[in-house]
There are 2 protein chains.
Amino acid sequence: MSDVRESADPGQGLTAAAFAPHDHKRCRVEGLARAEAVAATEGLRLTAVRRRALEILLEAHRALGAYEVLDRLAADGFGRQPPVAYRALDFLVEHGLAHRIQRLNAYTACMNPGRRHAPLFLICRACNAVAEAGGTRVRTALEGVAAEVGFAVERASVEAVGLCPACRQAGGA
Amino acid sequence: MSDVRESADPGQGLTAAAFAPHDHKRCRVEGLARAEAVAATEGLRLTAVRRRALEILLEAHRALGAYEVLDRLAADGFGRQPPVAYRALDFLVEHGLAHRIQRLNAYTACMNPGRRHAPLFLICRACNAVAEAGGTRVRTALEGVAAEVGFAVERASVEAVGLCPACRQAGGA
DNA sequence: CCTTGACGGTTACACTGTAACATATGCTAT
DNA sequence: ATAGCATATGTTACAGTGTAACCGTCAAGG
Ligand SMILES: [Zn+2]
Ligand SMILES: [Zn+2]
Ligand SMILES: [Zn+2]
Ligand SMILES: [Zn+2]
């Protein structure tokens, strides 16, 4: 209750909750709740597989590969062929409930779905944690550079690899 | 350490040369010359396969997949198995003579090798051109966000998809 | 000469992603 | 109600991307 500054932070929206100690159960519960709300608002069908896939992503503060998600889905009685996972993940990404981490060929739950945001990802190379941070400032800078050469940005991915606070202290060198 | 700024000299990649009309032969010739210089300075062995792989990348202002490069290498009498291309490309990337475009699983020649730089890529979804631009401002913004959550950035990839000037005018919308 | 190490060639395989088709389910129009 | 349609989930089979491991060549050095 006390230390979670994770909820809405309209303008800057940066939280990187994954790097701070927090009540992780809330990540799952609130994540699902936000998704339900978005689905209701936008008339999306958050079916069993899709919901479970999102839940699987929410349970990890790292990016999961499609086949990792697939294994867990299969263990829960869903199909065990690749398209099962890819379709669920594509749905989540398309509707902003999850993000694809290009660098890892993997997926992570969106921490702030529903609002338009230009997320940015911080990937710890030591513990594999992935945090979503607010990329408004970065996006603005990017648009600036693009404008100088006449390029119109539609989508952008910004991914940084490095060390999270915990692993830095642990001397991840 | 977080001092990754590109040298402030003029005429550098900032111009996103790929999007402007230019004498393309010079791209290949000067690109190879720059690579030779870097190799000489740093004691790298720019062998035949590696040089040819770089030349192949320089001839295109788009990103080429490893297997595309492999086809061309094979056509020139080099090996026709994947590791041939991957090893050459890994070498080029590792020494800053080429970059990997995560979003496309592809590679592109570096337009400004030798200097430490934080490149940023503009990818046209209509004509597939890829331009390398100067990412210093973006990188600075990124470092700022990362610092706020205690994350130490080591490497970052910034890739934007959209429309290049030409395709915008052509109504690529 | 013989070793050493980097390089480039090979085979074989692992991982990631998709096309195409079949079945179930629920909504709509008659 | 029921026929028709769209969506979603499941399947098989395959395409695309990337690596591990091994082997012969060749240059440098004892
Ligand atoms: Zn959590
Ligand atoms: Zn970490
Ligand atoms: Zn050119
Ligand atoms: Zn274009």
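Throughout, a chain's letter reflects where its sequence line sits, starting with A, and its residues are numbered from 1.
The nucleotide whose nearest atom lies closest to any side-chain atom of A:Arg80 is, among D:dT11, D:dG18, D:dT9, D:dT11. Here the nucleotide nearest the side chain of B:Val84, chosen from C:dA19, D:dG10, C:dT10, is C:dT10. If you check D:dG10, C:dT10, C:dG17 against the side chain of A:Arg100, the one that comes closest is C:dG17. When the nucleotides D:dT17, C:dG8, D:dG10 are ranked by their closest atom to the side chain of B:Tyr86, D:dT17 comes out on top. When each of C:dT11, D:dA8, D:dA13 is scored by its nearest atom to the side-chain atoms of A:Pro82, the top-ranked nucleotide is D:dA13.
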Stepwise salt bridge (Lys or Arg N to Asp or Glu O under 4.0 Å) test for B:Glu30 and B:Lys25: CA-CA 8 Å; B:Glu30 295 182 2; B:Lys25 183 179 291 181; over 6 Å; no
From CA spacing to verdict: salt bridge (Lys or Arg N to Asp or Glu O under 4.0 Å), A:Arg50, A:Glu55: CA-CA 9 Å; A:Arg50 294 167 176 174; A:Glu55 198 175 9; over 6 Å; no
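Listed pair B:Arg87 / C:dA6 fails the phosphate criterion, with no side-chain N or O lying under 4.0 Å from OP1 or OP2. Side-chain N/O atoms of A:Asn105 include none lying less than 4.0 angstrom from OP1 or OP2 on C:dC15. One finds a side-chain N or O of B:Arg50 lying less than 4.0 angstrom from the OP1 or OP2 phosphate oxygen of C:dG8. Between B:Arg45 and the phosphate of D:dA27, there is no side-chain N or O to OP1/OP2 separation shorter than 4.0 Å.
The aromatic rings of A:Tyr107 and A:Tyr86 stand perpendicular to each other, their planes meeting at an angle above 60°, with 30° marking the opposite boundary. A perpendicular orientation is assigned to the rings of A:His22 and A:His24, their planes being inclined by more than 60° (bins at 30° and 60°).
Heavy atoms of A:Phe78 sit under 4.0 angstrom from primed sugar atoms or phosphate atoms, though from no base atom.
Here D:dG18 presents its P atom at 13 Å from CZ of A:Arg103, a figure rounded to the nearest Å. Atom CG of B:Leu70 and atom P of C:dG8 are 14 Å apart (whole Å). Between the CG atom of A:Leu64 and the C1' atom of C:dG17 there is a distance of 17 Å, given to the nearest Å. Atom-to-atom, CG of B:Leu89 to P of C:dG8 comes out at 12 Å; the value is rounded to the nearest Å. What separates CG of B:Leu73 from P of C:dC7 is a distance of 16 Å, to the nearest Å. Separating the CZ atom of B:Phe91 from the P atom of C:dG9 is a distance of 15 Å, rounded to the nearest angstrom. Protein atom CD of B:Gln81 is 5 Å distant from nucleotide atom P of C:dT11, rounded to whole Å. At whole-Å resolution of the value, CG in B:Leu92 and P in C:dG8 are 11 Å apart.
A donor atom on one side chain and an acceptor atom on the other are found under 3.5 Å apart for B:His99 and B:Glu132.
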